[in-house]
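Notes follow once the structure below has been shown.
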Amino acid sequence: MAEPYNHREIEQKWRKEWEINPINVNDGKKPKYYCLDMFPYPSGNGLHVGHWRGYVISDVWSRYKMLNGGHYIIHPMGWDAFGLPAENYAIKMGVHPAKSTAENVANIKKQIGEIAALYDWDMEVNTTDPAFYKWTQWIFVKMFKEGLAYEKEMPINWCPSCKTGLANEEVVNGKCERCGADVTKKNLKQWMLRITKYADRLLNDLDKLDWPEKVKKMQTDWIGKSYGAEVDFKVDGMDETITVYTTRPDTLYGATFMVLAPEHKLAAKLATPETKEAVEQYIYDASMKSNVDRLQDKEKTGVFTGSYAINPLNGEKTPIWLSDYVLADYGTGAIMCVPAHDDRDFEFATKFGIPIIQVIAKDGKEIEHMTEAYTEASGTMINSGDWNGLESAVLKKEAPEMIEKMGYGRKTTNYKLRDWVFSRQRYWGEPIPIVHCEKCGAVPVPEEELPLLLPEVESYQPTGTGESPLADITDWVNTTCPCCGGPAKRETNTMPQWAGSSWYFLRYVDNHNDKELVSKEKADKYLPVDMYIGGVEHAVLHLLYSRFYTKFLYDIGVVDFDEPFTKLFNQGMITGKNGIKMSKSKGNVVSPDDLVRDYGCDSLRMYELFVGPPELDSEWDDRGIDGVYRFLTRFWNLVMDNKDTKVEPTKELLKVRNLLIKTITQRLDSFSLNTVISGFMEYNNKLIDMAKNGGVDKETLKTFVVLIAPFAPHIGEELWRQLGESGSVFHTNWPSVDETALVDDEKEVAVQINGRTKTVIKVPADIDKDAAIAAGKEALGSKLTGTVVKEIYVPGRIINIVAKP
RNA sequence: GCCGCAGUGGCGGAACUGGCAGACGCGCAGGACUUAAAAUCCUGUUGUAGCGAUACAGUACCGGUUCGAUUCCGGUCUGCGGCACCA
């Protein structure tokens with residue numbers, strides 16, 4: 001009897017051995033494969049089984065790429081360590097965030113070590129390391145010089161709990177993405193990044209990415225490109241023009257009123273003496289509303305300014321209203337309203353008694369009593385002067401140009417994407433490297449003076465006034481202007497957490513370079529990322545920002561690719577019972593540490609994958625790991641009991657071996673990792689059975705060991721040696737399928753009557769249809785009654801006899 | 001409200017391109033081994049009827065296409081995710 005499976009001993013043994021003789025080495029000849037995990041925020045809570053899953057997936061994939069293709073694997077790990085949680089922790093405990101961050105990093109690094117992943121810790125980066133954020137600041141300076149970073153005073157999203165401004169992407173349902181507090185508006189001078197300049201490229205280049213369609217669609221929707229026209233309306237009796245944006249210029253004849261956002265610059269000016277008071281009151285009320293109030297208001301409100309705009313097409317006077325359903329910062333902040341063909345305009349017109357003119361015939365006619373807007377762009381134009389009789393769908397496309405030719409406006413496009421609010425009024429972030437000089441304005445810190453170090457501070461407490469805690473450090477704030485040498489003040493806002501994570505993946509491959517962000521040579525050799533693995537929650541935040549940064553760095557010649565992540569895989573979340581997200585406060589966090597101790601790393605790795613399809617959320621159930629552990633024990637026994645086998649491979653054994661290779665490889669390639677594990681179990685059962693009845697051959701056992709090695713590296717390596725091999729199992733080649741071994745002489749075919757299976761028979765693989773049908777009928781015997789009307793034979797699968805009684 | 005994804009045994013889930021529904025695992029039941037328990041091994045496990053081979057029903061619901069539908073089409077319900085007055 002061979003020795004029993006002792007996971008602790010084996011795992012310790014190989015962990016040590018791999019440390020001395022690393023298996024993933026760059027000999028300069030092997031092709032590279034860059035497999036990247038989204039780097040974690042080093043939280044004090046440590047890792048739970050959900051974090052593990054992503055890291056296991058990427059490690060399995062890395063090891064597979066190493067075996068199948070002989071790649072040198074770039075598989076780094078680092079720390080996204082700036083940001084609010086560390087700062088809040090520091091405030092609470094009175095400890096410097098740098099200190100708590102360092103402790104957390106050490107702890108999580110130890111936990112990650114338990115996964116036995118191939119991480120190359122020589123490549124490690126930390127966004128809070130001055131040697132790293134030097135380049136985060138450098139990118140900002142470059143953006144400033146290119147006109148992509150600019151200052152602007154405007155009402156921004158403000159989280160009253162985090163006491164900082166937020167980017168649009170960080171506001172979810174009117175609430176702060178981080179803490180869930182209701183987001184309000186605040187007027188602040190902010191640094192902005194002109195991401196909108198890249199809107200078209202960010203949209204179009206999605207086509208060349210091997211990403212989940214879901215994420216591409218989310219980015220497409222977020223960018224929100226629309227096609228339409230700007231139309232100029234003259235204000236009656238005033239020397240003013242109001243420009244509106246519309247995607248439905250075909251309905252221009254149906255515009256019966258116009259609405260301006262209360263923030264529109266003409267809003268107050270349009271008031272007449274009679275309406276002045278009401279208009280000013282409305283503008284004031286709107287300015288007091290928070291995002292959440294605006295979202296919760298179901299009923300439309302508005303006020304008539306007393307002025308009229310002239311529809312350029314027919315000269316009609318249309319009343320100008322103000323309403324907060326029109327957004328100030330989209331399009332021109334003013335819209336033409338066609339109540340007959342727009343739901344919102346219909347609601348508004350109905351409430352305030354404004355005429356409704358139908359200009360597109362529905363089902364060929366004019367509706368007598370309109371109860372809702374007809375929003376389809378299909379039907380013939382009516383009540384539309386020269387445009388009568390045209391098709392709405394055609395006109396919708398052609399109208400922008402027609403309007404442009406007539407001189408009433410121009411063809412244009414619009415985006416939902418807004419520029420990126422980049423200032424945070426918090427301590428724990430990269431200082432924005434700008435100096436404000438009264439004479440020279442905003443001046444960047446000279447590149448050779450970077451990094452601009454984050455100074456020590458007495459209190460990290462956010463001030464809540466819109467100023468960063470850095471503003472209190474007068475001897476840091478007061479400086480000289482790099483431009484004129486006169487007295488000047490430093491920018492005291494810091495960058496958002498996304499700043500470092502938008503480009504960190506470039507730095508891993510050249511993390512000690514203090515002359516360049518990344519050297520040309522290394523960038524060419526090792527970048528971009530071939531496979532990026534992480535949660536879907538970053539679909540429009542981190543993943544959009546990273547694409548923007550990469551495109552910018554491409555434009556200024558730092559890298560010669562303009563998309564950072566060729567392939568993306570989003571793993572699902574591991575949740576507690578009933579799909580509840582694992583969190584400390586819910587008390588449902590499952591720690592991997594105990595499971596590793598009791599079952600071993602290999603078992604936990606496999607179980608992480610076995611719980612469900614990797615792209616879907618899965619509920620964690622501790623009990624299931626027993627099944628994987630039993631499987632590994634049985635597999636261990638199978639190999640150990642037969643390691644000295646002298647059995648020659650039979651035809652049957654060859655077939656099983658090649659089917660195993662084929663099944664596992666196919667499922668791996670399609671990322672169906674849960675069924676890879678069930679496949680292993682199935683073939684393990686089969687081989688145990690064959691071992692008892694006639695035995696198994698050594699080559700089949702070796703093959704199995706190679707296939708399982710990426711999933712259970714320790715047991716794989718140990719059994720590989722037990723089978724008499726001297727080198728590492730990871731330096732061998734992924735086995736290939738011998739198709740000739742899979743050719744059958746006989747096939748099992750289901751015999752059906754009217755599509756219902758009655759029996760299964762064996763037929764020669766090359767049998768022809770008539771013979772197959774005859775064999776099927778014979779097998780059915782007396783079960784086949786009535787008149788046969790049709791006979792179907794699908795080679796190797798089905799014989800179906802269609803009979804009528 | 002709009003867009004996307006999903007709905008299969010007691011549970012997690014499988015089923016390649018329309019071809020034997022429920023692989024694999026958990027749990028459960030029975031048995032073997034044991035003084036006993038744990039571990040391990042064997043057998044069974046969608047429902048209904050039957051001792052039984054077997055028959056019928058069955059992939060959220062209603063309908064359609066097809067020799068044949070978990071898979072394709074139309075409609076309904078439920079759950080999850082994204083967006084949310086974007087003109």
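A, B, ... follow the sequence lines: proteins, then strands. Residue 1 opens every chain. Scope of the values below: all heavy atoms of this structure, side chains included, with no hydrogens, waters or symmetry mates.
- When all heavy atoms are compared, the tightest approach of A:Thr665 to A:Ile661 is OG1-O, 2.6 Å.
- One can place CE of A:Met606 at 14 Å from P of B:C26, the figure rounded to the nearest angstrom.
- Using a 4.0 Å heavy-atom criterion, one finds that A:Ser226 contacts the sugar-phosphate atoms exclusively.
- Annotation: salt bridge (charged side-chain N to carboxylate O under 4.0 Å, His left out) contacts of A:Asp621 (sequence neighbours excluded): A:Arg623.
- Note on ring orientation: taking the six-membered ring where Trp is involved, the planes of A:Tyr330 and A:Tyr245 are perpendicular (angle over 60°, cut-offs 30° and 60°).
- For the C1' atom pair drawn from B:G18 and B:U59, the interatomic distance equals 15 Å after rounding to whole Å.
- Of the listed nucleotides (B:C85, B:A14, B:A87), B:C85 has the atom at the smallest distance from the side chain of A:Lys300.
- With B:G27, B:A55, B:A87 as the choices, the nucleotide that has an atom nearest any side-chain atom of A:Arg623 turns out to be B:G27.
- A salt bridge links A:Asp200 with A:Lys225: at least one charged nitrogen is closer than 4.0 Å to a carboxylate oxygen.
- Proximity of the aromatic rings of A:Tyr629 and A:Tyr607 is defined here by a centroid distance below 6.0 angstrom, and this criterion is not met.
- Backbone-only engagement by A:Val611 is indicated by non-hydrogen atom pairs under 4.0 Å involving sugar-phosphate atoms exclusively.
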Would you list the protein and nucleotides 37-46 of chain B atom pairs, both N or O, that sit under 3.5 Å from each other?
from  : atom 1 : to       : atom 2 : distance (Å)
B:C41 : OP1    : A:Arg634 : NH1    : 3.1

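- Residue A:Arg547 holds its CZ atom at 9.5 Å from CD1 of A:Ile195, rounded to the nearest 0.5 Å.
- Proximity note for A:Thr757 (side chain, C-beta onward) versus B:A14, B:C20, B:G4: the nearest is B:C20.
- Using a 4.0 Å cut-off, no side-chain N or O of A:Tyr325 falls inside it from OP1 or OP2 of B:A87.
- Checked for salt-bridge contact, A:Arg410 and A:Asp232 meet the test: a charged N lies under 4.0 Å from a carboxylate O.
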In residues 788-803 of chain A, what donor-acceptor pairs under 3.5 Å come from side-chain atoms, sequence neighbours left out?
from     : atom 1 : to       : atom 2 : distance (Å)
A:Glu791 : OE2    : A:Lys777 : NZ     : 2.5
A:Tyr793 : OH     : A:Gly796 : N      : 3.3
A:Asn800 : OD1    : A:Asn754 : N      : 3.4
A:Asn800 : OD1    : A:Gly755 : N      : 3.0

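- With respect to A:Arg597 and A:Asp594, a salt bridge is recorded, a charged nitrogen being found less than 4.0 Å from a carboxylate O.
- Taking atom P in both B:A37 and B:G31, one finds a spacing of 11 Å when rounded to whole Å.
- Residue A:Glu619 is classed as having no contact, given no heavy-atom separation below 4.0 Å to the nucleic acid.
- When distances are taken from the side chain of A:Thr247 to each of B:A87, B:A23, B:C16, the shortest belongs to B:A87.
- With both ends at atom P, the span from B:G74 to B:C5 equals 13 Å, rounded to whole Å.
- Across B:C28 and B:C83, the matching C1' atoms stand 45 Å from one another, rounded to whole Å.
- Rounded to the nearest 0.5 Å, atoms CG (A:Asp345) and OG1 (A:Thr350) are 10.0 Å apart.
- For B:G9, the glycosidic angle deviates from 0 by 90° or less, giving a syn base.
- In this structure, A:Arg667 atom CZ and B:A14 atom C1' are separated by 8 Å, rounded to whole Å.
- Taking the six-membered ring where the residue is Trp, A:Trp321 and A:Phe304 present tilted rings, their angle falling between 30° and 60°.
- Rounded to an integer number of Å, the gap from CG of A:Asp626 to C1' of B:G27 is 11 Å.
- Of the candidate nucleotides B:A87, B:C20, B:A14, B:A87 has the atom nearest to the side chain of A:Tyr245.
- A distance-only check finds no donor-acceptor pair linking the side chain of A:His341 to the backbone of A:Thr251 [under 3.5 Å].
- With rounding to whole Å, A:Leu673 atom CG is found 15 Å from B:G13 atom C1'.
- Taking atom C1' in both B:C3 and B:C16, one finds a spacing of 30 Å when rounded to whole Å.
- Among the nucleotides B:C24, B:A87, B:C20, the one closest to any side-chain atom of A:Tyr330 is B:A87.
- Taking the P atoms as reference points, B:U71 lies 16 Å from B:U66, given to the whole Å.
- The number of heavy-atom neighbours closer than 6.0 Å to NZ of A:Lys762, taken from other residues, nucleotides and ligands shown, is 12 or below.
- Taking the C1' atom of each, B:A14 and B:G64 are spaced 28 Å apart, rounded to whole Å.
- With respect to the salt-bridge test (charged N to carboxylate O, under 4.0 angstrom), the residues A:Glu608 and A:Arg53 do not qualify.
- With a 6.0 Å cutoff to the six-membered ring centre and a 45° limit on the axis angle, A:Lys351 does not count as a cation-pi contact of A:Phe348.
- At the heavy-atom level, A:Asn685 lies under 4.0 Å from the strands shown only through sugar-phosphate atoms.
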Its contact letters, B for base, S for sugar-phosphate only and - for none at protein heavy atoms under 4.0 Å, make nucleotides 68-74 of chain B read -------

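- Nucleotides of RNA chain B nearest to A:Thr675 and A:Arg418 differ in position, and the one nearer the 5' end is that of A:Thr675.
- When each of B:C20, B:G13, B:C24 is scored by its nearest atom to the side-chain atoms of A:Asn674, the top-ranked nucleotide is B:G13.
- How far CG of A:Asn674 is from CZ of A:Arg667: 9.0 Å, rounded to the nearest 0.5 Å.
- Atom name C1', nucleotides B:G9 and B:A15: the rounded distance is 15 Å, in whole Å.
- Put simply, OH on A:Tyr415 is 13 Å from P on B:A87, counting in whole angstrom units.
- Here A:Lys758 reaches the OP1 or OP2 of B:C56: one of its side-chain N or O atoms lies under 4.0 Å away.
- At whole-Å resolution of the value, CZ in A:Phe635 and P in B:G25 are 15 Å apart.
- Between A:Ser678 and B:G13 there is no side-chain N or O to OP1 or OP2 distance below 4.0 Å.
- Among the nucleotides B:G13, B:A87, B:C16, the one closest to the side chain of A:Leu327 is B:A87.
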Close N or O pairs between protein and nucleotides 80-83 of chain B (under 3.5 Å):
none

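- With pairs defined as Watson-Crick or G-U wobble and both atom distances under 3.5 Å, the stems of at least three pairs that touch RNA chain B come out as B:1-7 with B:77-83, B:10-12 with B:24-26, B:27-32 with B:40-45, B:46-49 with B:54-57, B:60-64 with B:72-76.
- The nearest whole Å value for the distance from the CZ atom in A:Arg248 to the P atom in B:C85 is 20 Å.
- Spacing between atom OH of A:Tyr607 and atom C1' of B:G13 amounts to 11 Å, rounded to whole angstrom units.
- Between A:Trp636 and A:Tyr5, the two ring planes are tilted [angle within 30° to 60°].
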